[in-house]
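The structure appears right after this line, and notes come after that.
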There are 2 protein chains.
Amino acid sequence: MRTEKGADEVSYSVGQVAGFGGVTVRTLHHYDAIGLLAPSERSHAGHRRYSDADLDRLQRILFYRELGFPLDEVAALLDDPDADPRAHLRRQHELLTARIEKLQKMAEAVEHAMEARRMGINLTPEERFEVFGDKDPDQYAEEAEARWGGTEAYAESQRRAARYTKDDWKRMQAEVDAWGERYAALVTAGEPATGEAAMDLAEEHRRHITTWFYDCPYEMHVSLAGMYVSDERFKAFYDSMGPGLAEHLRDAITANAARHTS
Amino acid sequence: MRTEKGADEVSYSVGQVAGFGGVTVRTLHHYDAIGLLAPSERSHAGHRRYSDADLDRLQRILFYRELGFPLDEVAALLDDPDADPRAHLRRQHELLTARIEKLQKMAEAVEHAMEARRMGINLTPEERFEVFGDKDPDQYAEEAEARWGGTEAYAESQRRAARYTKDDWKRMQAEVDAWGERYAALVTAGEPATGEAAMDLAEEHRRHITTWFYDCPYEMHVSLAGMYVSDERFKAFYDSMGPGLAEHLRDAITANAARHTS
DNA sequence: GATGGGTCCTCACGCCGCGTGAGGTGCAAG
DNA sequence: CTTGCACCTCACGCGGCGTGAGGACCCATC
């Protein structure tokens with residue numbers, strides 16, 4: 001039977017702690033100097049000795065730092081009297097999921113931009129910066145319209161100037177056109193979107209994107225398909241090939257993805 | 001029929017551009033000063049006039065900056081002669097998905113830490129900083145073992161010192177114990193993990209976590225269940241209540257999640 | 001035509017979060 | 001006894017801007 005001897009005295013030197021945390025010794029010196037992380041003890045020779053609790057604190061410091069908090073705010077968070085450790089872990093988890101969501105939105109915006117480029121649609125300035133969610137949408141929208149309005153005309157004027165890529169652009173365009181004709185014929189022939197022919201053309205569409213532009217797995221393809229009907233210009237792009245083509249294609253893409261991932 | 005008049009001359013002032021990009025005018029001045037983003041023109045009065053291409057460049061600058069690139073590297077990326085715009089979008093998408101993965105791993109590590117805390121298991125220093133994936137696992141592992149080894153003994157010594165929370169900790173522990181007895185009885189009675197009784201206790205388990213520690217949706221609960229069998233100490237924690245309890249519980253949790261989300 | 005408000009300009013200094021030496025100390029091994 | 005290593009304390013510098021100070025321009029209003 002073990003004796004209940006109380007706290008075991010373990011402590012680490014700056015070098016060890018720096019190793020654990022993946023930071024430099026200088027950083028730890030700095031955190032000590034500004035009072036953010038003062039080692040709970042000093043050795044005989046004046047060397048810093050970090051306790052286990054200090055390590056915990058460092059972990060939190062580095063976590064919040066990684067998420068972009070300035071050090072004084074980090075200190076405020078850590079020295080919060082309601083410093084329940086559970087609360088910290090909970091908050092860390094919340095911050096992480098929030099960041100993940102933000103990045104996923106950015107990724108979607110990038111996909112949107114890639115597709116716009118693929119279709120020769122130029123984006124308005126607002127759309128270009130839509131990637132960064134950090135805008136007051138309300139105040140911003142007002143300002144954008146009121147102060148330097150006329151974006152409609154601008155977008156219209158830019159819509160033609162999009163073919164500034166070189167010569168293989170033509171071959172690519174030819175491929176798109178050929179595919180469009182075949183797909184339009186399929187639609188007018190009354191083929192269902194879940195039919196094999198439609199799914200095959202959907203797959204060809206995906207392959208086209210992958211070979212000419214960027215890798216497009218099925219999941220992403222479905223996401224794009226959603227934009228084809230939700231974004232007015234994407235919809236217009238496909239509907240110009242044939243009436244109702246955008247929706248039809250979306251369903252075909254969805255069905256094609258389902259058949260490949262099942 | 002529209003005339004092909006060539007490039008439409010649109011340009012924006014610093015204030016407008018700052019508005020679009022969500023940055024300050026000073027930042028644009030700075031980028032001009034260091035040659036990162038020089039406006040393609042100046043007005044009669046010496047005012048900066050940003051073209052549409054400049055906006056594109058700014059968007060990319062801000063994107064890479066957001067992901068933590070220093071400005072000189074950003075410049076290197078943007079002034080890369082192979083500056084195919086497609087390549088940029090592709091790279092942006094790759095960077096984003098990489099970041100998302102990293103954050104998801106961090107989130108998992110946080111969940112791991114939360115569960116460890118819940119079970120009164122103290123983590124080793126290495127595990128504490130496992131959240132940050134930025135460690136050479138090989139070189140690090142060697143160093144950790146060779147230079148300041150003895151972590152096994154350390155972990156052992158810490159395992160008891162984990163109950164440093166106050167008085168309601170006891171009530172919580174009592175709940176855990178009661179639940180454990182009931183679940184053990186269920187297992188010895190031969191109840192299947194997919195049975196209703198097991199699923200009910202799994203749901204109770206989830207509720208316990210949610211009320212005492214952190215919100216635990218079904219998806220996360222399943223993730224935790226995986227750790228109960230993959231992490232040695234978690235497994236030991238549950239198996240100490242009854243033989244084979246960890247696996248049984250994992251299956252019950254999975255089944256319970258399926259029944260609630262279907 | 002004078003006055004004001006708004007946006008723009010160019011210095012130039014300062015802050016934060018450290019990196020990077022310079023110069024000195026304590027201790028264990030050769 | 002010296003060599004080496006990890007530690008110490010200044011202290012300067014750098015990147016990426018924030019924050020004025022002081023002035024020019026433009027348009028509207030009195």
Look for any protein N or O under 3.5 Å of an N or O in nucleotides 15-17 of chain C and output each such pair with its distance, or none.
from	atom 1	to	atom 2	distance (Å)
C:dG17	OP1	A:Leu71	N	2.8

(message) Between P on C:dG19 and CG on A:Leu28, what's the gap in Å once rounded to a whole number?
(response) 10 Å
Atom pairs under 3.5 Å: protein N/O with N/O of nucleotides 23-25 of chain D:
none

Which residues share a salt bridge (Lys or Arg N to Asp or Glu O under 4.0 Å) with [X], sequence neighbours left out:
| X | answer |
| --- | --- |
| A:Arg49 | none |
| A:Arg57 | A:Asp79 |
| A:Asp32 | A:Arg42, A:Arg48 |

(request) Can you sort out the partners of A:Phe234 under ring-ring contact (aromatic ring centres under 6.0 Å, His included), two or more places apart, ordered by chain and number? (result) A:His112
side-chain hydrogen bond (donor to acceptor under 3.5 Å, both in side chains) against [X], all qualifying residues, sequence neighbours excluded:
| X | value |
| --- | --- |
| B:Asp54 | B:Ser40, B:Ser51 |
| A:Tyr64 | A:His88, A:Arg91 |
| B:Thr27 | B:Thr24 |

Atom pairs and distances, side-chain donor-acceptor, residues 214-230 of chain B, under 3.5 Å, sequence neighbours left out:
from	atom 1	to	atom 2	distance (Å)
B:Tyr214	OH	B:Glu115	OE2	2.3
B:Tyr218	OH	B:Glu203	OE1	3.2
B:Tyr218	OH	B:Glu203	OE2	3.2
B:Tyr218	OH	B:Arg206	NH2	3.3
B:Tyr218	OH	B:His260	ND1	3.4
B:Tyr218	OH	B:His260	NE2	3.3
B:His221	NE2	B:His205	ND1	2.8
B:Ser223	OG	B:Glu111	OE1	3.3
B:Tyr228	OH	B:Glu115	OE1	2.5
B:Tyr228	OH	B:Arg118	NH2	3.3
B:Ser230	OG	B:Gly226	O	3.2

Tabulate protein N/O versus nucleotide N/O from nucleotides 10-14 of chain C, keeping only pairs under 3.5 Å, one per line.
from	atom 1	to	atom 2	distance (Å)
C:dT10	OP1	B:Arg42	NH1	3.2
C:dT10	OP2	B:Arg48	NH1	3.0
C:dT10	OP2	B:Arg48	NH2	2.8

(message) So, does A:Thr24 get its side chain near the phosphate of C:dC18, meaning an N or O under 4.0 Å from OP1 or OP2?
(response)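 Checking A:Thr24 against C:dC18: no side-chain N or O falls below 4.0 Å of OP1 or OP2.
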(request) Among residues two or more places apart or on two chains, list those pairs meeting salt bridge (Lys or Arg N to Asp or Glu O under 4.0 Å) that have a residue in residues 17-29 of chain A. (result) none
